[in-house]
Amino acid sequence: MSATPPSIYDHILAVVCQIPRGRVASYGQIAWIVNAPTPRMVGYALAGLAAGSDVPWQRVINSQGGISPRGDPGGSGRQRKLLEAEGVEFGPNVRVDFARFGWDGPDPAWLAERGYTLLPWPGKRNSSRPARRGRQ
DNA sequence: CTTATGACGCGCA
DNA sequence: TTGCGCGCCATAA
């Protein structure tokens, strides 16, 4: 196995890999699924990705449906092009409508297989002891 | 051991 | 409505 110890980043990336083509998810949504302490962790995880990685990082956008600076270096629209190539449409404000292209979340079977437990959506996750799942 | 950095989200004025 | 600031935690050096 890999010598790299399992970290929260691995969980985040694993979920990101589950986002189907033509769909997008927000940092907050990913954070919610893996029960990350904050959406920032998701961004940090993606920041550590190597160029040419197999992780569909492009499908992760902010809660506003917009693209983060790192996904659009120099306003090149890199991330936008990748998403458009997958069929994702952008609004006039370079914004994606989650109601249309938002990801519904990973398959229950996939979650169960990993032992994930989804909590109620808008409600804040148990900040006390969210029972760090994934790899015990 | 401490310090610095980092792809967000939300509240408040 | 817009803009600004804070909190959040993990990793690397």
Side-chain angles (χ1 to χ4, degrees):
Chain A
M1 307 315 193
S2 37
T4 307
S7 69
I8 184 173
Y9 285 1
D10 294 319
H11 297 285
I12 293 171
L13 297 180
V15 173
V16 173
C17 288
Q18 299 306 308
I19 305 175
R21 183 174 171 283
R23 281 285 142 74
V24 296
S26 68
Y27 294 90
Q29 184 178 356
I30 302 298
W32 164 62
I33 294 170
V34 301
N35 203 16
T38 86
R40 274 192 159 187
M41 296 282 86
V42 178
Y44 300 159
L46 296 182
L49 288 176
S53 118
D54 296 327
V55 180
W57 57 270
Q58 67 219 56
R59 295 166 193 164
V60 183
I61 60 182
N62 61 41
S63 64
Q64 303 173 29
I67 295 174
S68 296
R70 302 300 189 197
D72 182 38
S76 60
R78 176 180 67 183
Q79 186 169 0
R80 178 183 179 179
K81 291 179 181 177
L82 290 172
L83 289 176
E84 288 181 327
E86 297 183 351
V88 177
E89 298 173 21
F90 283 78
N93 215 10
V94 194
R95 211 123 292 180
V96 177
D97 184 0
F98 279 102
R100 296 183 57 195
F101 304 100
W103 183 36
D104 198 15
D107 279 291
W110 186 88
L111 291 170
E113 195 171 328
R114 296 207 41 163
Y116 277 99
T117 303
L118 269 53
L119 296 89
W121 178 220
K124 298 178 180 178
R125 318 188 261 324
N126 295 337
S127 54
S128 291
R129 182 64 70 82
R132 184 171 303 177
R133 86 209 102 344
R135 202 64 64 85
Q136 48 181 328

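Naming convention: chains lettered A, B, ... in sequence-line order (proteins, then strands); numbering from 1 in each chain. Computed from a prediction, not measured in an experiment: that's the story for all the values here. We use all heavy atoms of the structure for the numbers below, so side chains are in, but hydrogens, waters and symmetry mates are not.
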ask   = What orientation do A:Y116 and A:W110 show, parallel under 30°, tilted 30 to 60°, or perpendicular over 60°?
value = parallel
message = Measure CD1/A:I30 against P/B:dG9 and give the value in whole Å, please.
response = 11 Å
message = So if I take residues 55-64 of chain A and measure heavy-atom distances to DNA chain B, which residues fall below 4.0 Å?
response = A:W57, A:N62, A:S63
Point-to-point distance, once rounded to the nearest 0.5 Å, from CD1 of A:I61 to CH2 of A:W103 = 13.0 Å
task = Return one dot-bracket line describing DNA chain B 5' to 3' (Watson-Crick or G-U wobble pairs, both distances under 3.5 Å; ( ) same strand, [ ] crossing, | another strand, . none).
result = .|||||.||||||
inquiry  = Under a 4.0 Å threshold between the charged nitrogen and the carboxylate oxygen, would A:E86 count as salt-bridged to A:R59?
reply    = yes
key: Check: A:Q79 main-chain N/O paired with A:Q58 side-chain donor or acceptor under 3.5 Å   = no
ask   = Hey, does the side chain of A:S68 come within less than 4.0 Å of B:dC8's phosphate (OP1/OP2), counting only N and O?
value = yes
message = Looking at A:N93 and A:R95, would you say the former's side chain and the latter's main chain have a donor-acceptor pair under 3.5 Å?
response = no
query = Can you tell me how far P of C:dT11 sits from CG of A:D10, to the nearest Å?
reply = 9 Å
query = Does A:D107 reach the main-chain N or O of A:A109 with its side chain, forming a donor-acceptor pair under 3.5 Å?
reply = no
query = Between B:dG9 atom C1' and A:Q29 atom CD, what is the distance in whole Å?
reply = 14 Å
request  = Send over the distance from A:L49 CG to B:dG6 C1', rounded to a whole Å.
outcome  = 13 Å
query = Just to confirm, is there a sub-4.0 Å distance from OP1 or OP2 of C:dA10 to any side-chain nitrogen or oxygen of A:S7?
reply = no
ask   = Judged by atom type as modelled, is there a donor-acceptor pair below 3.5 Å linking the side chain of A:D10 to the main-chain atoms of A:S7?
value = yes
Closest nucleotide among C:dT11, B:dG9, C:dC8 to the A:Y27 side chain = B:dG9
task = Flag this pair as yes if the NZ/CZ of A:R80 is under 6.0 angstrom from the six-membered ring centre of A:F90 and inside a 45 degree cone about the axis; otherwise no.
result = yes
ask   = Atom CZ of A:F98 and atom P of B:dC8: how far apart are they, to the nearest Å?
value = 13 Å
key: Out of C:dC8, C:dT11, C:dC9, whichever nucleotide has its closest atom nearest the side chain of A:R40   = C:dC8
ask   = Tell me: CE of A:M41 to P of B:dT5, nearest whole Å?
value = 16 Å
inquiry  = If we ignore hydrogens and angles and just use 3.5 Å, is the side chain of A:S26 paired with the main-chain N or O of A:Q29 as donor and acceptor?
reply    = yes
ask   = Rounded to whole angstrom units, what separation is found between the NE2 atom of A:H11 and the P atom of C:dA10?
value = 12 Å
task = Find the distance A:Y9:OH to B:dC8:P and express it as a whole number of Å.
result = 12 Å
